[in-house]
S.K.: 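Please read through the structure below; I'll follow up with questions.
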Amino acid sequence: MRTLTRTQNFLLTVGATLGTLCLLTALAGILLGAKPLIFRSGSMEPAIATGSLALSLPVDATSIRPGDVVSVTNAAGVRITHRVLDSVPAGDSARLKLKGDANTVADTEPYTVTAADKVVFSAPLLGYGVSWLSSPAATFLAGIVTAYLLYVSFRYGRGQKSRGGRRAVPSPPAPPPPPAEGGRPRASGGRPRASGGRRSKGARGVAGLTVLALAGTTSVALTHAPEARAAFTDAENMATATFTAATLPAPTLGCTQNTVLLLPDNSTVDLAWSHNNGSTGATGYRFTTQTGNGPESSPIELGAATTARSVTANETSSAVQVVVTFRIYSKYQLWRSPLASSTARYTPSALGGLIPATLTC
Amino acid sequence: MGRRNAIRPKGLSSPRGVRIRALLCIGTVLGLGAVGTLAAWTDEATATATFSAGTLALKLAAVPGGTLADSVAVTSMNMTGMYPGVSRAGMVEVANSGTVPLAYLLAGTASNGAGGLGGDLGSALTVSIYTGGTATNNGLAGTCSGTLIGTANIPLAGPLLATARPLAPATTEALCLLVALPAAAATELQGTTTTATFTFTGSIGS
């Protein structure tokens, strides 16, 4: 009678445990839509560390609440698993604002989803394991070990129950199956035994096929373990600069009495202004006149080149002596400066026109 | 009868128990072995997962002469006495000081100070962003050489990069920011002041 060594027994148990785990995952995937996630970065630390394996269940967008950790796919097609800061429902979809626990700022991109995968469980380090087990080296190794275990296990059974006639068992399980099609050699390997006449063997063959089918599905579930790349977002980095707008100064406005042949002429005043504004200058001016407390005249728009204006007494009409106020402001594009003003005194004509009206600064 | 003690070892070590365990092992092999094939079905290359346990660190420096830091004041871009139509260019160096490739976005905000005629200077300023050039300021007009990124003269307050710019570890990108007060600026902006903040957000995976 053949027996198993401790190592063989240990390997068998480990293999069977992993296989069962795969089956359970597959069942959860089929029945509940559960999806394993591998965390490839640490943006959800300390809750979920890099290399964690998480299990997620699909949930409707409308049932997502702030605080949940959900997995969504961003515009670039990358899966992001972050905590919900804010969820704004709109119909049967929701607009999610997500933020990694370890991130100082929320994700820049809002996610509009109708459903998401909510993380219900996570375990550290397992993601590394699953990721490693997906490597070609691990697959090769697992194939060798499994083939070895199958060989041992069937030799074991045959030796124990040997009645001398079991030589017909189809050869030790084939060399490690090619990754993708691994199920087929075993499945077909089971059939000859199933038709071998013994009921228990037939049942075992069926069981084997079932196991293989489920295992195949498991592989689907595991392969779907999308890498929750978890978008790490760095602290805000800021460059600052200060900007101050200028204030357009008021022009300076002066009033001088007109002179004729070097003598003062009280009938006309000359207004002159300047705009002292460094290199920018002014693009124009706006000029108004007000007699006494009366209304302001309609404004006169002047170009930048005009910096003087003469006003004669007969432009004013008043029965009594009155103060005439001249006002001007500078313009620069749409900007306008404060007002500058200057005054002159108007005296109406007297004695039926014998004494003319005067305007003096 | 000691049955409870006897059943387990017997069940697991019996020919059937051993074979079932062996068959379950196959499940594991399939689960792993099928990854390569399924990767082709799904577009997602899970078999070559790389873990980003590295650090993500975006740093900035004012150019020229600045040192890399999280936050910098770009004094060369400061402007006082701005009139409608003026502009000024300043350089910012964006550095990936971490160990993983990142992509960064840029957004501007403005915090208006008191004073002036009460206009919203922060909302009036516009920015054009260039890469690979240098900043030149000549009196009231600044210019950036290099390549314009996106659209010129976009409002300073808001997103300034439409798409994230990738930055490999240990590399830098020099950006030239040209800030302008449009010629059509409102008169209420006279005497107002604002502090513009350009926020660079680096991230992995988005």
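Please read these numbers as outputs of a predicted model, since none were measured by experiment. Below, read A as the first sequence line, B as the second, and so on, with proteins coming before strands; counting in each chain starts at 1.
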S.K.: Is it true that Gln333(A) and Thr283(A) share a donor-acceptor pair across their side chains at a distance under 3.5 Å?
M.R.: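 Their side chains do not contain a donor-acceptor pair, so the 3.5 Å distance test is not met.
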S.K.: Side chains of Arg21(B) and Thr13(A) only: does a donor on one sit below 3.5 Å from an acceptor on the other?
M.R.: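 Judged by distance alone, the side chains do pair up.
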S.K.: Can you tell me which of Thr109(B), Val92(B), Thr194(B), Thr195(B) forms the most heavy-atom pairs within a distance under 4.5 Å of chain A?
M.R.: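 Counting heavy-atom pairs under 4.5 Å, the top option is Thr194(B).
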S.K.: Would the distance check show the side chain of Ser128(B) and the main-chain N or O of Asn153(B) forming a donor-acceptor pair, the cut-off being under 3.5 Å?
M.R.: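 Judged by distance alone, yes, a pair lies under 3.5 Å.
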S.K.: Which residue out of Thr247(A), Leu149(A), Leu12(A) racks up the most heavy-atom pairs below 4.5 Å with chain B?
M.R.: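 Most heavy-atom pairs within the cutoff with chain B belong to Leu12(A).
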S.K.: Please look at Ala186(B) and chain A and tell me whether the side chain, the backbone, both or neither of the residue comes under 4.5 angstrom of a heavy atom of that chain.
M.R.: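 The backbone, not the side chain.
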S.K.: Using heavy-atom distances under 4.5 Å, tell me whether Leu105(B) contacts chain A through its side chain, its backbone, both, or neither.
M.R.: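 Contact with chain A involves the side chain of Leu105(B) alone.
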S.K.: Go through Gly81(B), Ala196(B), Ala73(B), Pro84(B) and name the one with the most non-hydrogen pairs under 4.5 angstrom from chain A.
M.R.: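 Most pairs with chain A among the choices: Pro84(B).
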S.K.: Of the backbone (N, CA, C, O) and the side chain (C-beta and beyond), which part of Ala69(B) lies under 4.5 Å from a heavy atom of chain A, both, or neither?
M.R.: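 Only the backbone of Ala69(B) comes within 4.5 Å of chain A.
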S.K.: Please check if any side-chain donor atom of Asn96(B) sits under 3.5 Å from a side-chain acceptor atom of Thr171(B), or the reverse.
M.R.: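 Checked: Asn96(B)/Thr171(B) side chains show no N/O donor-acceptor pair below 3.5 Å.
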S.K.: Start with the C-alpha gap between Val72(B) and Val74(B), add the side-chain angles, then the distance that decides, and say whether side-chain contact (heavy atoms from CB on, under 4.5 Å) holds.
M.R.: CA-CA 6 Å; Val72(B) 295; Val74(B) 191; 4.3 Å; yes
S.K.: Got a donor-acceptor contact below 3.5 angstrom from the Asn112(B) side chain to the Gly122(B) backbone?
M.R.: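 Checked: pair present.
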S.K.: Using non-hydrogen atoms and a 4.5 Å limit, figure out which bit of Val179(B) sits close to chain A: side chain, backbone, both or neither.
M.R.: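 Just the side chain, heavy atoms under 4.5 Å.
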S.K.: Does any backbone or side-chain atom of Leu125(B) lie under 4.5 Å from a heavy atom of chain A? Answer side chain, backbone, both or neither.
M.R.: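 Looking at Leu125(B), just its side chain touches chain A.
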